[in-house]
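Every number for a ligand or one of its atoms is a count from 1 in the order of the listing. We use all heavy atoms of the structure for the numbers below, so side chains are in, but hydrogens, waters and symmetry mates are not.
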Amino acid sequence: MLIAGEKPQSLLFCREKNLERETWDGFRFGPQAAQEVFGVDAAHPIAQLEEMLPALMGNQPALFYAPGADAEWDARVMRWLNQVRAQSRVGISAPQDIHDIRSLLDEMRLVKDGHELEIMRRAAGISAKAHVRAMRATRPGRMEFEIEAELLYEFRRHGAQFPAYWPIVASGASACVLHYNENNARMEDGGLLLIDAGCELDGYASDITRTWPINGRFSGAQKDVYELVLAAQAAAIAATGPGASWDAPHEAAVRVLAQGMIDFGLCQGSLDKVIEAGDYKRFYMHRTGHWLGLDVHDAGEYKLDAKWRPLKEGMTLTVEPGCYIRAAEDVPEAYWNIGVRIEDDVLVTRDGCEVITAETPKSVAAIEALVGHE
Ligand code: GLY
Ligand code: MN
Ligand code: MN
């Protein structure tokens, strides 16, 4: 699709109708129907792209496209530009300014309209159901990939086309490996299971993490860490709203987590010292969220003029604090191999935020009531 000219016109280049090819590959609109259905000013056969583009670029002051997204496309755009430049002697000028169109498109992607939100809510609902299914199917002795299969089955049976990213189904010590996704271990009695899984529906991603005990009952130390991460998430969600800095939810989560680490004997010293020196990063080494939308880690800047940007109504992001405690001599043994993350998808509203994945069980009681109960 191209938007060109002094009086901007939208032009679409698409495949022509071809009954033989449609028999093999499926329906094509063709330019005529595409113009009506997609509401563009004009549509042309894709075969005319090479010939028409240099003409369309002539005498235009600027060109916007996405450099570096595709090497072959870059080469074509440069060839068209050079074809226009070669016409300078007949009075046709080439665009002087070349802009990255992503600076415009990424900003547009950050704020969702009602149609986008309706899809994102449905995607969130499907992913919530998949987590419930996974909780019910969990028991000691089963394999992580059996639970992965339950997630994928639930996504697809509700119409989601893909997982938004490959699910992390991490039991025991693997819950402390942030990008674990071998998903091939047997789930052992006494360990935790951390699942990070979300579906993609009609182009939009969802992204949920829950952590639960494989045998359906949190141990004392597991519960302590779980409740700590839950409190950190609640603080981060409370700090999410219009006008708040992008960093505010992260700062809120870090304060709660760092205090917990001191209370559990994982970090030493005052709260301010543990935060300022970054000691907490040994057990919480990632940030608390990211933009969510067409991609799971969606496009869009996090800083403007080198400062964290303010949140705005209609933005969607994740809130996903965690705490990951590997076995080590200087760590109390009761906490070894406890890895917990709790992740929800959040919409910034006029006066705060809405957790669109709220149907996914999260309290200790709600989780214990489900795990292992098919
Ligand atoms: N599932 C990727 C993430 O949580 O960022
Ligand atoms: Mn995420
Ligand atoms: Mn995730």
- Taking N or O atoms only and a 3.5 Å limit, does E320 qualify as a polar contact for ligand 1? yes
Restricting to N/O/S atoms, is H297 within less than 2.8 Å of the Mn ion (ligand 2) or not? no
Quiz item: Do NZ/NE/NH1/NH2 and the carboxylate oxygens of R21 and D25 come within less than 4.0 Å?
Solution: yes
Here the atoms of ligand 1 under 4.0 Å from any heavy atom belonging to E343 are 4 (O)
| query | Taking the six-membered ring where the residue is Trp, are the ring centres of W212 and F218 under 6.0 Å apart? | reply | no
Does the side chain of P249 reach to within under 4.5 Å of the side chain of I237, using non-hydrogen atoms? no
H290 heavy atoms within 4.0 Å reach ligand 1 at atoms 3 (C), 4 (O), 5 (O)
Among the N/O/S atoms of D207, the Mn ion (ligand 3) lies closest to OD1
Counting only heavy atoms not in K307, do more than 12 fall under 6.0 Å of its NZ? no
Give a yes/no verdict on whether any heavy atom in H297 is under 4.0 Å from an atom of ligand 1.
yes
Looking only at protein heavy atoms, what sits closest to atom 3 (C) of ligand 1 is D207 OD2, 3.3 Å
Here the atoms of ligand 1 under 4.0 Å from any heavy atom belonging to D196 are 1 (N), 2 (C), 3 (C), 4 (O)
Tested for salt bridge (charged side-chain N to carboxylate O under 4.0 Å, His left out) against E22, the lone hit among R28, R15, K17 is K17
I want to check a possible cation-pi pair here: R287 against W308, using under 6.0 Å from ring centre and within 45° of the ring axis as the test.
yes
Requested in this report: May I ask you to decide if the ring planes of H250 and Y284 are parallel, tilted or perpendicular, using 30° and 60° as cut-offs?
Outcome: tilted
Here the vertex angle at the Mn ion (ligand 2) for OE2 of E343 and OE2 of E320, given to 10°, is 80°
